[in-house]
Amino acid sequence: MRVSVDRDRCCSSGMCVMNVPDVFDQDDQDGLVRLRQTTFRPDQFGDLRLAAQLCPSGAITVVEDESTAVEAEAGPAGTQSAPVDG
């Protein structure tokens, strides 16, 4: 799984920060989204997918790789571009 954020599309709603504060942050200057992590744990995958779905501007993109796509179909275990270890 890879997660990327598009700061040009971000509308600073903060939904990502409220839902996944370990991963997302807002810049103190302009309020735009920033990634706090560059690698993610499998228990975060479901939250990352939810953050992308809830983003009103579509600024968060989650790209599944083969192993996380299989997990998504089965359901998550613990319901700047960054690859996920694992």
Side-chain angles (χ1 to χ4, degrees):
M1 177 182 286
R2 288 179 291 131
V3 176
S4 62
V5 295
D6 184 342
R7 291 174 51 87
D8 291 331
R9 293 187 72 177
C10 180
C11 66
S12 304
S13 74
M15 293 297 294
C16 56
V17 178
M18 287 189 286
N19 285 286
V20 198
D22 291 344
V23 174
F24 299 102
D25 195 9
Q26 286 180 283
D27 189 286
D28 290 336
Q29 298 294 316
D30 56 20
L32 299 178
V33 65
R34 296 184 333 182
L35 283 173
R36 296 177 63 139
Q37 296 179 0
T38 57
T39 59
F40 311 103
R41 299 181 315 272
D43 66 315
Q44 294 174 310
F45 294 172
D47 291 337
L48 293 168
R49 291 181 193 106
L50 179 63
Q53 291 173 349
L54 294 176
C55 180
S57 63
I60 301 169
T61 302
V62 174
V63 177
E64 305 279 350
D65 64 19
E66 195 170 305
S67 64
T68 58
V70 169
E71 175 190 330
E73 290 173 12
T79 312
Q80 331 148 33
S81 236
V84 173
D85 291 338

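Counting begins at 1 with the first residue of the sequence. Computed from heavy atoms alone, side chains included, the values below leave out hydrogens, waters and symmetry copies. Computed from a predicted model, the values in this text were never measured in an experiment.
Residue Ala52 comes nearest to Val62 through the heavy atom pair CB-CG2, 3.8 Å, listed as atom of the first residue, atom of the second, then distance. Contact between Phe40 and Phe45 at its shortest, heavy atoms only, is O-CE2, 4.2 Å.
In this structure, OG on Ser57 lies 9.0 Å from CG on Leu32, to the nearest 0.5 angstrom. Rounding to the nearest 0.5 angstrom, the gap separating the CZ atom in Arg49 from the CD atom in Gln44 is 11.5 Å. Between the CZ atom of Arg41 and the CG atom of Asp47 there is a distance of 9.5 Å, given to the nearest 0.5 Å. Thr39 contributes atom OG1, which lies 13.0 Å from atom CE of Met1 (distance to the nearest 0.5 angstrom).
Hydrophobic cluster membership is shared by Val33 and Leu35, with clusters built from Ile, Leu, Val, Met, Phe, Trp and Tyr side chains linked at under 4.5 angstrom.
In this structure, Arg2 does not pair ionically with Glu64, as no charged nitrogen and carboxylate oxygen lie closer than 4.0 Å.
Applying the side chain to side chain contact (heavy atoms under 4.5 Å, CB included) criterion to Arg9, with sequence neighbours excluded, gives Asp6, Ala59. For the salt bridge (charged side-chain N to carboxylate O under 4.0 Å, His left out) test, residues two or more places apart in sequence or in another chain that qualify with Asp30 are Arg7. Under the side chain to side chain donor-acceptor pair (under 3.5 Å) criterion, Asp25 pairs with Arg34, sequence neighbours left out.
Listed by first and then second residue, the salt bridge (charged side-chain N to carboxylate O under 4.0 Å, His left out) pairs involving residues 50-63 amount to none (not counting sequence neighbours).
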Atom pairs and distances, side-chain donor-acceptor, residues 13-24, under 3.5 Å, sequence neighbours left out:
from: Ser13; atom 1: OG; to: Met15; atom 2: N; distance (Å): 3.4
from: Asn19; atom 1: ND2; to: Met15; atom 2: O; distance (Å): 2.8

